[in-house]
Structures are given as C-alpha cells and as structure tokens.
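In what follows, every heavy atom counts, from backbone to side chain, and hydrogens, waters and symmetry copies are set aside.
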Amino acid sequence: MTRGALPFVWSIVLITACVPLPHPEAPASSHPKASDTFPKRIAVLPVSNQAGDPDGAIILRALIIHELGKFGYMVQSPQDTDQIIHDRTLTGPDVPIQVAIARLDPGVLTTWLGVDGIMQSRLMAFNRAKVSVYQQSQVKAHFQLSDRNGNNLWNVTKDSDNGGLSMGNGGTAALDSALATSGLDPDVISRIHQSPLGEATLDMVDDAFSTFPEH
C-alpha cells in the first residue's frame, strides 16, 4: 500500500466506527395505547364478593393492582382507598364498605379519593369440586373502569373454567415463577399458594387485562 493511500484508509475506518450498529427492536406490545384523556391515577375499590370466599376477593384485588402497575398506572394503595371511604361514609360492622360503595356515584368517589378513575370488580364464582384425583375449578369475575364523569371506559367479564387431575394446592413452576417477580405483598402470595384456585385466578386476571390500554 502506498503512503498516500493511508489517510484515505484511516478516514474509512473512522467513518465506519462512527456509524451506530443496529439494535434488535423490542417486541411490539399487544395492548392498545391509552389516550391522553384516559385515567392515569386509579383507585381499585374493594371487590364485590358475590362468591362468598374472602381469600378470593383479597387475591383478586391484589392481582388487579399488580396488573395496573405493570401497564404504567399510578395506583392508590388499597389501605388509603379503604380509609378514605371509611372516613367519608362511616362504614363499620353494620355497613360493610362494599354496601357503601354501591350507593355512591363514581364521580363522587373519584373526587373523594383524588384519582382520575376507579376500578370496580365483582367476584362472581370461586369454586372447586373434587372427586378422587379429578378436580373442576371455576373462577369468574367482572371488571369495570369509570372516569371522573362516571363514564364506563372499559369493562370485561372473564371466566376460568378448568378440569383435570389434581396436583395439590397452587404450586406449579409457572405460578412460582410469576409470583417470584410479581412484587405482590407476601401475605397475598401466601394466600395464592395456599388457595387451590390461586393459579386459576392469576390466569383469569391476566386474560382479562390482555385488552387493557397501557400508558
């Protein structure tokens, strides 16, 4: 190579070094994008428990809060939500919080709670029937998001109805992996593990929120 060609070669090397290498693109989200007017701050109200199982209602509410957090929403702590409603309505043994909520307009609730939207849910079924080593389970719930004006922005009903060989309470590798990275309260994780319907509830909520907009 001649001496005069060296500057040209070095200029090619420098230009090449400055060109950014392509990065693999992140997979596109399957969730619709929330509009600018879609609620950002959300309170998740106590579950209307039509199934009668207290653990089912606690698990369902915690999983809803977890899903909203994953999609970029600012979710009010359930302790704050319950305390504000209690203070405003004087709920107690004679007036359960779910009864007080049912009497109130969503617009009033959002103002009290200082949020843009409220997520309501009904646990409609939380059952398991077992015969020998075969079990049939059903978890069914309805979800609804309302804004400050009481507009119904999103609602869905999901039903997880499964049957198969009994594998004991809650514990599968898939469930263990999901819970390990969930960020859920340890008490809720324990309830999910101990509940024979823990994994069915987890799957049902995940399916329900597959159409929920992300911020």
Does [X] use its side chain to pair, donor to acceptor, with the backbone of [Y] at less than 3.5 Å?
X    : Y    : result
S195 : I192 : no
H86  : T81  : no
T201 : L197 : yes

- [ ] List the steps and the verdict of side-chain contact (heavy atoms from CB on, under 4.5 Å) for V139 and L60.
- [x] CA-CA 10 Å; V139 179; L60 181 61; over 6 Å; no

Would you give the length of the straight line joining atom [atom1] of [X] to atom [atom2] of [Y], rounded to the nearest 0.5 angstrom?
X    : Y    : atom1 : atom2 : answer
L109 : L104 : CG    : CG    : 5.0 Å
F126 : Q138 : CZ    : CD    : 11.5 Å
Q120 : I101 : CD    : CD1   : 7.5 Å
I42  : Y73  : CD1   : OH    : 5.5 Å
S137 : N127 : OG    : CG    : 9.5 Å
I59  : H193 : CD1   : NE2   : 11.0 Å

Task: Intermediate values then yes/no, side-chain contact (heavy atoms from CB on, under 4.5 Å), M119 and I65 - done: CA-CA 9 Å; M119 179 68 72; I65 292 171; over 6 Å; no

Within the structure provided, determine whether [X] and [Y] are in side-chain contact (heavy-atom separation under 4.5 Å).
X   : Y    : answer
P32 : T211 : no
V44 : I118 : no
Q76 : L113 : yes

Holding to side-chain hydrogen bond (donor to acceptor under 3.5 Å, both in side chains), I want the full list of residues that pass it with [X], two or more places apart in sequence or in another chain.
X    : answer
D116 : R41
H66  : none
R148 : none
D147 : N151

Task: Partner residues of K158 under the salt bridge (Lys or Arg N to Asp or Glu O under 4.0 Å) criterion, sequence neighbours left out - done: D207

Check side-chain contact (heavy atoms from CB on, under 4.5 Å) between [X] and all other residues, then give those that pass, not counting sequence neighbours.
X    : result
T157 : M124, K140, H142
S35  : T37, F38
D185 : D187, V188

Task: Pairs involving residues 42-61, ordered by first then second residue, that meet side chain to side chain donor-acceptor pair (under 3.5 Å) (sequence neighbours left out) - done: D55-R191, R61-D82

Open item on the list: Test of understanding: clusters of I, L, V, M, F, W, Y form through side-chain heavy atoms closer than 4.5 Å, transitively. Do V108 and V115 belong to the same one?
Closed with: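 Yes, because V108 and V115 connect within a single hydrophobic cluster, where side-chain heavy atoms sit under 4.5 Å apart.
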
Open item on the list: Check for me, please, whether L202 and F71 land in the same ILVMFWY cluster - side-chain distances under 4.5 Å, paths through other members count.
Closed with: yes

Task: For F209, all residues meeting ring pair (Phe, Tyr, Trp, His ring centres under 6.0 Å), sequence neighbours excluded - done: F143, W154, F212

[X] to [Y] - nearest heavy-atom pair and separation:
X    : Y    : answer
P106 : S146 : CB-CB, 4.0 Å
L145 : G117 : CD1-C, 4.4 Å
A208 : V156 : O-CG1, 4.0 Å

